Amino acid sequence: MADIPLSGKTYSLYGSDPSTEPYYDLISRLADAALRECPDIRKLLNRIHRMSRWARLGFGDFRGLLPDDLRGSDDPLAVYTPGVHRHLRTMPPRRWLERSLRTTENQYHLYMLEIELVNRLHGDAFRAAKRKIALLPHCMRDFSKECLAANDGVDLVCKRCSKICWMRRMSDLLRDHEIHPYIWMNAGFKEHYRALQSGGESFAVLGVACLPELIAGMRSCLKLGVPVVGLPLDANRCARWMGEFLENTMNLGRLEKIIHHRDAENTEI
């Protein structure tokens with residue numbers, strides 16, 4: 001099927017293209033450039049974390065991580081975050097208590113780079129783990145019908161009740177590769193962590209979410225020493241951002257690439 005570019009409240013990985021592939025190619029090139037400037041990936045991630053705190057106040061951007069010849073005046077990632085400034089200007093004061101909703105444009109761009117670097121750092125450990133789970137956003141369900149997902153003792157799991165549901169598509173792909181998919185709905189991350197830890201085997205996590213929520217989840221995993229990889233939704237379109245749930249997508253080809261560590265044919269809708 002043809003790609004359907006989606007707009008989000010603050011970001012869209014389509015930018016001005018009919019596919020999200022140019023975004024992933026660009027963020028990979030920017031990560032390569034940042035690693036040429038700072039070859040130690042852990043040190044580079046520590047720098048990003050420090051810069052993210054300043055970016056919350058409107059200072060600093062990812063271009064400070066690049067070699068001098070690539071620190072141009074134009075921000076190549078700005079095309080993917082067209083709605084941030086308007087969102088922050090118009091957000092009601094009571095919503096400022098929610099950290100993800102007050103994410104600045106500079107933070108978005110640092111998060112994009114951070115996800116790419118964490119995937120590189122932990123990809124091998126994720127793929128080698130004996131037990132793997134995926135935490136998937138409930139906003140990817142088919143909202144045209146009643147969802148029959150059921151709790152398996154930890155959280156909700158897809159029952160494949162809709163042929164057009166993105167949750168079904170993601171869950172089928174993950175199960176084919178022995179990754180247990182959860183619809184992250186009821187359990188907190190600590191419940192997932194305890195469920196994994198109880199088996200006594202090596203385990204790892206794959207997360208799918210909008211950019212601010214994905215970063216928060218990946219950092220929680222890293223604090224616990226859990227190998228984690230992640231893939232952002234193509235846009236932020238759930239009720240938390242838009243006031244209602246709107247159709248959303250993610251790049252299944254890039255998800256398959258993370259699972260296999262190879263270039264996969266783009267299967268994105």
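Since the model is a prediction, treat every value here as computed from it, not as a measurement.
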Tell me yes or no: between the side chains of [X] and [Y], is some donor less than 3.5 Å from an acceptor?
| X | Y | value |
| --- | --- | --- |
| Glu256 | His177 | no |
| Ser52 | Gln107 | no |
| Ser19 | Asp17 | no |
| Ser100 | Arg240 | yes |
| Asp61 | His109 | no |

Starting at [atom1] of [X], measure out to [atom2] of [Y] and round the result to the nearest 0.5 Å.
| X | Y | atom1 | atom2 | answer |
| --- | --- | --- | --- | --- |
| Cys238 | Met140 | SG | CE | 11.5 Å |
| Leu206 | Arg127 | CG | CZ | 10.5 Å |
| Glu37 | Asp69 | CD | CG | 9.0 Å |
| Leu174 | Leu136 | CG | CG | 6.0 Å |

Is a donor on one side and an acceptor on the other found under 3.5 Å between the side chain of [X] and the backbone of [Y]?
| X | Y | result |
| --- | --- | --- |
| Thr104 | Ala55 | yes |
| His87 | Leu101 | yes |
| Lys145 | Asp142 | no |
| Asn106 | Phe62 | no |
| Ser202 | Lys130 | yes |
| Asn236 | Lys9 | yes |

Is it possible for you to say whether [X] and [Y] belong to one hydrophobic cluster, with membership spreading through side-chain heavy-atom contacts below 4.5 Å?
| X | Y | value |
| --- | --- | --- |
| Leu148 | Tyr182 | no |
| Phe143 | Leu246 | no |
| Trp166 | Phe245 | no |
| Ile215 | Ile41 | yes |

Pair [X] + [Y]: basic N to acidic O under 4.0 Å:
| X | Y | result |
| --- | --- | --- |
| Asp68 | Arg71 | yes |
| Asp32 | Arg120 | yes |
| Arg254 | Asp25 | yes |
| Arg131 | Glu178 | no |

### Query
Does the ring centre of Tyr23 sit less than 6.0 Å away from the ring centre of Tyr80?
yes
### Query
Are the aromatic ring centres of Phe203 and His180 under 6.0 angstrom apart?
no
